[in-house]
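See structure below.
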Amino acid sequence: MVSPELAIIPRHVAIIMDGNGRWANKRGLPRTIGHSKGVEAVRETVKAAADAGVEYLTLFAFSSENWSRPETEVNDLLGLLRKFIRRDLAELHRENVRIRIIGEREKLRSDILPLLLEAEETTRHNTSLTLVIAFNYGSRDEIVRAAAKLAREVQAGRLSPDDITAQMISGELDTADIPDPDLIIRTSGEERLSNFLLWQAAYSELLFMPDYWPDFDRNLFFDALKVFASRDRRFGGLSSKTAAVGG
Ligand code: IPE
Ligand code: IPE
Ligand code: MG
């Protein structure tokens, strides 16, 4: 199933799916066509990740800043997410995929929130790939919500500020029970995180690929895994090779 050169499989891959608009522009098509082609790339990537043995795949679907796009585009994107969940939920469930949603839920419209909750609920006990959908997600907003929760604990006298640890902050984020991403991929040639998993990315390997998201496929996903396998992760220490030579 997995070739030997992919021996080091990242446990968690997170993807900033970027470039739908430019993919469409290049072809003289409306941006919305780029977004619908992007959904096909999502389907293929989910399958590839499951086949590779990746445990967690996080996809940045809609950022808390994407509301600033024209209303028609926002509606297209929300419509596509709704359609994806309606159409694909049964198959994802059959394939034993567990769905998790991260992002701010409080103010979400009533035509989207129940669908997201249903997707999580239906697949809660599945044991294959965990597909984390970052929707209405912004990392700073997530950290602010976590800080407010801890502040309320302090205010209630249940917690001393001196006892706050990095682990406690991690534990209040939307990703509380999800390991940090080992690999973060961004397509479209842009080289920035755009408010995605800032806390969790502390030691993630970053990979910026030139391809627009609608062109992303199984082969590109496996290419990314190969690059990851060749990286030397140090976590502030010494590389295993250096440590072996230096004693
Ligand atoms: C990614 O493609 C989709 C979302 C951000 C929701 P874009 O729509 O950002 O495409 P570009 O960056 O304009 O090409
Ligand atoms: C990041 O892409 C958000 C998603 C992929 C959902 P953007 O296209 O919104 O990011 P910027 O604006 O180029 O930084
Ligand atoms: Mg973009």
Side-chain angles (χ1 to χ4, degrees), residues 12-46 48-49 56-85 87-88 99-105 107-109 111-113 115-116 119 131-144 173-175 178 181 183-201 204-217 220-221 224:
H12 181 178
V13 178
I15 308 184
I16 303 172
M17 311 183 287
D18 198 16
N20 293 351
R22 277 164 285 166
W23 181 93
N25 259 349
K26 212 174 78 179
R27 291 163 174 76
L29 298 168
R31 291 175 61 85
T32 176
I33 305 288
H35 294 316
S36 13
K37 286 293 282 184
V39 178
E40 288 171 30
V42 165
R43 291 194 180 102
E44 193 165 334
T45 305
V46 170
Y56 295 84
L57 174 70
T58 298
L59 299 178
F60 201 4
F62 192 89
S63 80
S64 45
E65 288 77 31
N66 286 146
W67 297 105
S68 66
R69 295 190 180 196
E71 203 183 322
T72 49
E73 176 155 351
V74 168
N75 285 335
D76 284 343
L77 286 166
L78 298 192
L80 279 172
L81 180 69
R82 275 201 304 268
K83 214 153 93 181
F84 173 71
I85 292 182
R87 275 204 200 154
D88 290 51
I99 297 175
R100 279 284 312 271
I101 312 291
I102 58 169
E104 158 72 279
R105 303 174 177 208
K107 292 168 226 134
L108 282 187
R109 288 171 6 186
D111 60 347
I112 192 94
L113 186 60
L115 269 179
L116 300 180
L131 172 62
V132 184
I133 302 175
F135 178 76
N136 191 25
Y137 177 85
S139 193
R140 286 184 172 179
D141 169 70
E142 180 192 34
I143 293 169
V144 166
L173 299 175
D174 298 346
T175 51
I178 298 170
L183 171 66
I184 297 181
I185 301 169
R186 182 172 188 146
T187 57
S188 91
E190 304 298 340
E191 300 190 357
R192 55 177 172 268
L193 288 176
S194 299
N195 204 12
F196 186 52
L197 302 177
L198 302 179
W199 172 275
Q200 299 87 337
S204 304
E205 293 296 325
L206 307 181
L207 178 60
F208 300 104
M209 301 178 79
D211 317 83
Y212 293 141
W213 177 252
D215 288 328
F216 198 80
D217 61 7
L220 288 173
F221 185 77

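Below, each value reflects all heavy atoms present in this structure, side chains not excepted, and no hydrogens, waters or symmetry copies. Both counts, for ligands and for their atoms, begin at 1 and track the order of listing.
- Within ligand 2, counting atoms from 1 as listed, the ones closer than 4.0 Å to a heavy atom of Arg192 are 11 (P), 13 (O), 14 (O).
- The aromatic rings of Phe60 and Phe196 lie parallel to each other, with less than 30° between the two planes, well short of the 60° mark.
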After noting the C-alpha distance and the side-chain angles of Ile133 and Leu59, does the key distance pass the side chain to side chain contact (heavy atoms under 4.5 Å, CB included) rule?
CA-CA 5 Å; Ile133 302 175; Leu59 299 178; 5.6 Å; no
Go through the steps for Thr45 and Trp213 under the test side chain to side chain contact (heavy atoms under 4.5 Å, CB included), then give the verdict.
CA-CA 11 Å; Thr45 305; Trp213 177 252; 3.5 Å; yes
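- Counting heavy atoms from C-beta outward, Tyr212 and Lys26 have side chains that approach closer than 4.5 Å.
- At a heavy-atom cutoff of 4.0 Å, ligand 1 is surrounded by Met17, Asp18, Gly19, Asn20, Gly21, Arg22, Arg31, His35, Ala61, Asn66, Arg69, Glu73, Leu77.
- The distance from atom CH2 of Trp67 to atom CG of Leu78, rounded to the nearest 0.5 Å, is 4.5 Å.
- Of the candidates Asp18, Thr187, Asp211, Asp215, Asp215 is the only one forming a side-chain hydrogen bond (donor to acceptor under 3.5 Å, both in side chains) with Trp23.
- Val132 has its side chain out of reach of Thr175: every pair of non-hydrogen atoms, C-beta onward, lies at least 4.5 Å apart.
- Nearest heavy-atom pair, Met209 versus Ala224, reported as atom, atom and distance to 0.1 Å: SD-CB, 4.2 Å.
- One finds no salt bridge joining Glu40 and Arg43 here, because no Lys/Arg side-chain nitrogen approaches an Asp/Glu carboxylate oxygen to under 4.0 Å.
- When each of Leu116, Asn136, Leu113 is checked for a side-chain contact (heavy atoms from CB on, under 4.5 Å) with Arg105, only Leu113 meets the rule.
- Protein N/O/S atoms found under 2.8 Å from the Mg ion (ligand 3): Asp18 OD1.
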